[in-house]
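Structure first, commentary second.
Just the heavy atoms: all of them, side chains too, but no hydrogens, waters or symmetry mates, feed the values below.
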Amino acid sequence: MSVWDDLVGQEPVVAELSSAAEGTGGGLAHAWLFTGPPGAGRSVAARAFAAALQCEETPRGCGHCASCHQVLRGTHADVEVVRPAGLSYGVRETRALVLRAASSPSMGRWQVVLFEDADRATEAAANALLKAIEEPPARTVWLLCTPSPDDLLVTIRSRCRLVTLRTPPIDAVVDVLVLRDGVDRDTAEVVARAAQGHISRARRLATDPEAWRRREAVMAVPRRLTSVGPAVTAADALVKAAEAEAKTQAEELNETETSTLRQALGESAKGRMPRGTAGALKDLEDRQKSRATRVKRDALDRTLLDLASYYRDVLTLQLGAGGDLVNTDLGPELRTAAASGRPEDTLRRLDAIMACRERLDVNVNPLLAVEALTLALRTG
């Protein structure tokens, strides 16, 4: 076992990061930028690298020493993990983070700041972050995660060593589900394609019947758009499916974070907390509530991407492109839809989905945006 085990299909990245952690990669950069599509494992790679930097053994990233365990569990004193709670990350929080990053390591080799979703930093926050990255303390390492390098200021990008992750190959995802999670291979192949290489989503689809039912409800939308009434009803179903997924995800995150914090604060075997810890628990609860809006928006965006995969498959069949279908479980339905429509109409439907995503990104009411989408999908 090592800290790199969860980086599926990312062998070049593992080699690069391992080399850097061991000091054989030509010197350690003080700022790293992890990029890649959803499901590629940006934060997983960054956390594994943080563990390797703090590892007490050689080679770095052993996965069994105390430091590796602490980093992977989120309890290492010298690894600060930043997850923007709301839709953005402000300058006040960034300045506090910069001050924290300037301190010397208390127990590890480095002071590591792992900033997930760094693209959520406001312009003022990004400028404050730039100053810290331009002149970092000698023992501080910044690990920033964004979907694309273009999501950050060019001045920040230019000062970071870029780590680009790719969508894991379907075969690699299938192997993980079969060997680690005990999923039968036929099911693993279906969910790996349906999740488009997103490992955690594939695992959820394979092991959580409710998650699969929510996806089935989303993929049933195209055949329900027979008139205006059903189209409006389908929009409501899409939004509710996203909200249900977001609720499940938020509850899991909240439970893990709360449990970890209670243990760190010294919870007794009987569940009693020491005096003076109520404030820390209340702060965590407030952050979790603030995160709820972002989680809902992200879940709805994934729902729209699932819907886009349906029309992508239809277009693939219409054009005779020969590529593998994403939704292999819907093969007969997709072929019927492809035979009864035109590629131009399918392209317009895909454009409508992308337009809906853009509207949601600028805070248009979700239900209104999705209603406009389903009406557009009905007419083509």
Would you check if there is a donor-acceptor pair between the side chains of Thr167 and Gln196 at a distance under 3.5 Å?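 The answer is no; no qualifying pair exists.
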Residue among Leu307, Leu377, Thr374 satisfying side-chain contact (heavy atoms from CB on, under 4.5 Å) with Pro222: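 Running side-chain contact (heavy atoms from CB on, under 4.5 Å) over Leu307, Leu377, Thr374 with Pro222 returns exactly one hit, Leu307.
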With side-chain hydrogen bond (donor to acceptor under 3.5 Å, both in side chains) as the criterion, how do Asp184 and Thr187 come out once you've worked through the C-alpha distance, each side chain's angles and the decisive distance to 0.1 Å? CA-CA 6 Å; Asp184 70 89; Thr187 300; 2.8 Å; yes
Taking the side chain from [X] and the backbone from [Y], do they hold a donor-acceptor pair closer than 3.5 Å?
| X | Y | value |
| --- | --- | --- |
| Ser158 | Thr155 | yes |
| Arg42 | Phe34 | no |
| Arg157 | Leu152 | yes |

Ala50 versus Val112, closest heavy-atom pair with distance: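 The answer is CB-CG1, 3.9 Å.
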Quick check: closest heavy atoms across Tyr311 and Arg349, and the distance to 0.1 Å?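 Nearest pair, atom of Tyr311 first, then Arg349: CE2-CD, 3.3 Å.
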Below 30° counts as parallel, above 60° as perpendicular, anything between as tilted: where do the rings of His30 and Trp110 land?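 Perpendicular, since the angle between the ring planes exceeds 60°.
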Among Arg203, Arg204, His198, which one satisfies side chain to side chain donor-acceptor pair (under 3.5 Å) with Ser200?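 Of the listed residues Arg203, Arg204, His198, the side chain to side chain donor-acceptor pair (under 3.5 Å) partner of Ser200 is His198.
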Do other residues, nucleotides or ligands put more than 12 heavy atoms under 6.0 Å from the CZ atom of Arg100?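 Count over threshold, so yes.
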Sequence neighbours excluded, which residues qualify as side chain to side chain donor-acceptor pair (under 3.5 Å) partners of Ser67?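 Side chain to side chain donor-acceptor pair (under 3.5 Å) list for Ser67, sorted by chain: Glu56.
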Is the closest basic N to carboxylate O distance between Arg185 and Asp175 below 4.0 Å?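 Salt bridge flag = yes for Asp175 with Arg185.
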